[in-house]
Amino acid sequence: MLQLQQLRQDPELVKKKLAVKYFGEPGLVDEIIVLDDQRKKVQLEFDTNKSQVNSISKEIGQLMAKGQKEEAEQRKQAVAGLNASLQPISEKLAETEKQLTDLLLKLPNLPSDNVPAGKTPAENVVAREGGSKPALPEGSVPHWDLIRKYDIVDFETGAKITGSGFPLYKGKGAKLQRALIQYFLDYNTGAGYTEYLPPFMVNEATAYGTGQLPDKEGQMYYMPADNLYMIPTSEVPVTNIYRDEIVKADDLPIRMTAYSPCFRREAGSFGKDVRGLNRVHQFEKVEIVQLVHPDKSYDALEEMVAHVEKLLQSLELPYRILKLCGGDMSFTSAFTYDFEVFSAAQERWLEVSSVSNFEAYQSNRMKIRFKDANGKTQLVHSLNGSSLALPRILACLLENNQTAEGIKLPGVLHKYFGEEKLA
RNA sequence: GGAGACGUGUCCGAGUGGUUGAAGGAGCACGCCUGGAAAGUGUGUAUACGGGAAACCGUAUCGCGAGUUCGAAUCUCGCCGUCUCCGCCA
């Protein structure tokens, strides 16, 4: 959530930035400021009245101690009246505060200054490309055929057990998943990220912290009996590790990595381009998260991008890195790079990672702060990225490396998979 | 799931309903002391919001939320969490 202070400082600038994201209700900014003025007035009124009540109550205590019962009784009468008039003020204050938060929650994060202009994915900007697209041999097929050929993912049985979009990995397929997870985690911890294995369900407060709630509950699986949500990414539990904490400046940056399955309802998005592993309800992912000093968050972003890029290079996959345009960025992001790998048989790019700087948007919700050099408490900046999401990586590995003798695996995976080829 | 105990600041730990934002330690920071260190010693050491140029003042916060009361860390209820015992269980 944006900080009120930001809005008050320069409302016009805020509106200009919201326009970059094609946010439809710029009027909210002024509405919020008016409401905040009102809140201040009401709070001042409440504080003044409450202060009187408190001091008279104290006097009552002192009078009682001295045994001056009648004096005390008189004061009680006075306080009763004050309290009665305080009641509506107190309600008004609570109501105004709630309205204010509700409105603030409707505002998306502001895009950073160098976010490319544009409304649709077509206007995203290619930052750079790497690797080379393979020339596939005659008779090459998409991964959903290869999956059957090698009998490594069984969608039908997954659908029988759970429903469509819940793949059942089998044999070498299951092992390759495990190998990839292990490799990714090793790669991340090697770069200084601390490994976590978080809970796969979270409570409301946690889902709220990273921005899944309110409004996006439709995208998560929900367990009403226990009021818990299945995580759509480990970003959610991992970033919340530091919720409501003030960390030492020396502890920054905090780097965390975690593997988790990710559960996504993908309501409304099924229908096309969902064959095979392209879009599923449950998938495996290894995530990286950083909490950093606000001055360093864009350095951290570049560092994370370079980190993920090297990982893709080590997998020898053709990739490109996109800077998302304002209109295509997520609600909570200030700047996002998407990573896509080229799926040679499908001849299309598939998103395998998204690395974002949320600046103080998430930390303001979660109240993750640190003490700066002057002893002042400040919000940290939070960032995260996939490193990496597995299904589409698997799809590309299969398609791009298919040979008559089997799937040739990149060198880095040999020791994790135990073989050089999947056949 | 059942029964009981508990939940106070960075940590430990007091706290008969009335100057308790909270004793006392420890830790930490900055001084003094010292050749240097330890010990000793002095001061400081929560967060948020509001008012104020500032000093500072006000309000709220003792797991969370309601309630009783002139007044709640302290009493009542609900929820969450921790521990112990029993049950169940990988």
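A, B, ... follow the sequence lines: proteins, then strands. Residue 1 opens every chain. Keep in mind that the numbers below use all heavy atoms, side chains included, and drop hydrogens, waters and symmetry copies.
Of the residues in residues 70-78 of chain A, K76(A) come within less than 4.0 Å of RNA chain B through at least one heavy atom, sorted by number. Within residues 38-47 of chain A, the residues that have a heavy atom under 4.0 Å from RNA chain B are, in order of number, R39(A), K40(A), Q43(A), L44(A), F46(A), D47(A).
Between the CD1 atom of I89(A) and the P atom of rG58(B) there is a distance of 19 Å, given to the nearest Å. Note: CD (Q5(A)) to P (rA48(B)) measures 12 Å, nearest angstrom. N203(A) places its CG atom 12 Å from the C1' atom of rC64(B), with the value rounded to the nearest Å. When the P atom of rU59(B) is taken as reference, atom NZ of K58(A) falls 7 Å away, rounded to whole Å. As rounded to whole Å, 14 Å separates atom P of rC28(B) from atom CG of D250(A). Computed from coordinates, the D244(A) CG to rC80(B) P distance equals 19 Å when rounded to whole Å. As a whole-Å value, the separation of Q52(A) CD from rC57(B) P is 19 Å. Per the geometry, CZ belonging to F370(A) stands 18 Å off C1' belonging to rU10(B), to the nearest Å.
Considering only heavy atoms from C-beta on, F331(A) comes within 4.5 Å of Y361(A) through its side chain. A 4.5 Å side-chain heavy-atom check between I368(A) and L379(A) finds every atom pair outside the cut-off.
Here the separation of rU68(B) from rG78(B), taken at their C1' atoms, is 15 Å to the nearest Å. Between rG4(B) and rC79(B), the two P atoms lie 14 Å apart (nearest whole Å). On the C1' atoms, rG42(B) is 23 Å away from rA46(B), given to the nearest whole Å. rA3(B) and rU10(B) have their P atoms separated by 35 Å, given to the nearest Å. The separation of rG15(B) from rG63(B), taken at their P atoms, amounts to 15 Å, rounded to a whole angstrom. Nucleotides rA73(B) and rG18(B) have their P atoms positioned 11 Å apart, rounded to a whole Å. Rounded to whole Å, the C1' atom of rC12(B) lies 14 Å from the corresponding atom of rA23(B).
For the pair R264(A) and F283(A), the NZ or CZ position fails the cation-pi test of under 6.0 Å to the six-membered ring centre and within 45 degrees of the ring normal.
A donor and an acceptor atom, one from each side chain of Q68(A) and E73(A), are nowhere located under 3.5 Å apart.
One finds a side-chain N or O of N54(A) lying less than 4.0 angstrom from the OP1 or OP2 phosphate oxygen of rU59(B).
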Scan the side chains in residues 222-229 of chain A for donor-acceptor partners under 3.5 Å anywhere in the protein, sequence neighbours excluded, and list what turns up.
from    : atom 1 : to      : atom 2 : distance (Å)
Y222(A) : OH     : N227(A) : OD1    : 2.7

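Looking at R148(A) and D154(A), no side-chain N of the basic residue comes within less than 4.0 Å of a carboxylate O on the acidic one, giving no salt bridge.
The ring pair (Phe, Tyr, Trp, His ring centres under 6.0 Å) check on F200(A) picks up nothing, with sequence neighbours excluded. With sequence neighbours left out, F166(A) forms a ring pair (Phe, Tyr, Trp, His ring centres under 6.0 Å) with H281(A).
Across all strands shown, T377(A) has heavy atoms under 4.0 Å from sugar-phosphate atoms exclusively, and none from any base. Note on I246(A): only backbone sugar-phosphate atoms sit closer than 4.0 angstrom, heavy atoms only; bases stay farther off.
Between F370(A) and H293(A), the gap from one ring centroid to the other is short of 6.0 Å. Ring centers of F339(A) and Y319(A): at least 6.0 Å apart, outside the cut-off.
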_Only Watson-Crick and G-U wobble pairs with both distances less than 3.5 Å should count. Give RNA chain B in dot-bracket notation, marking inter-strand partners with |._
((((((((.[[[..)..(.....]]]((((((.......))))))((((((....)))))).[[[[[..)....]]]]])))))))....

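Under the 3.5 Å distance criterion, the side-chain polar atoms of Q402(A) are matched with a main-chain donor or acceptor of E399(A).
The two residues K172(A) and A423(A) have their closest heavy-atom pair at NZ-O, 4.3 Å.
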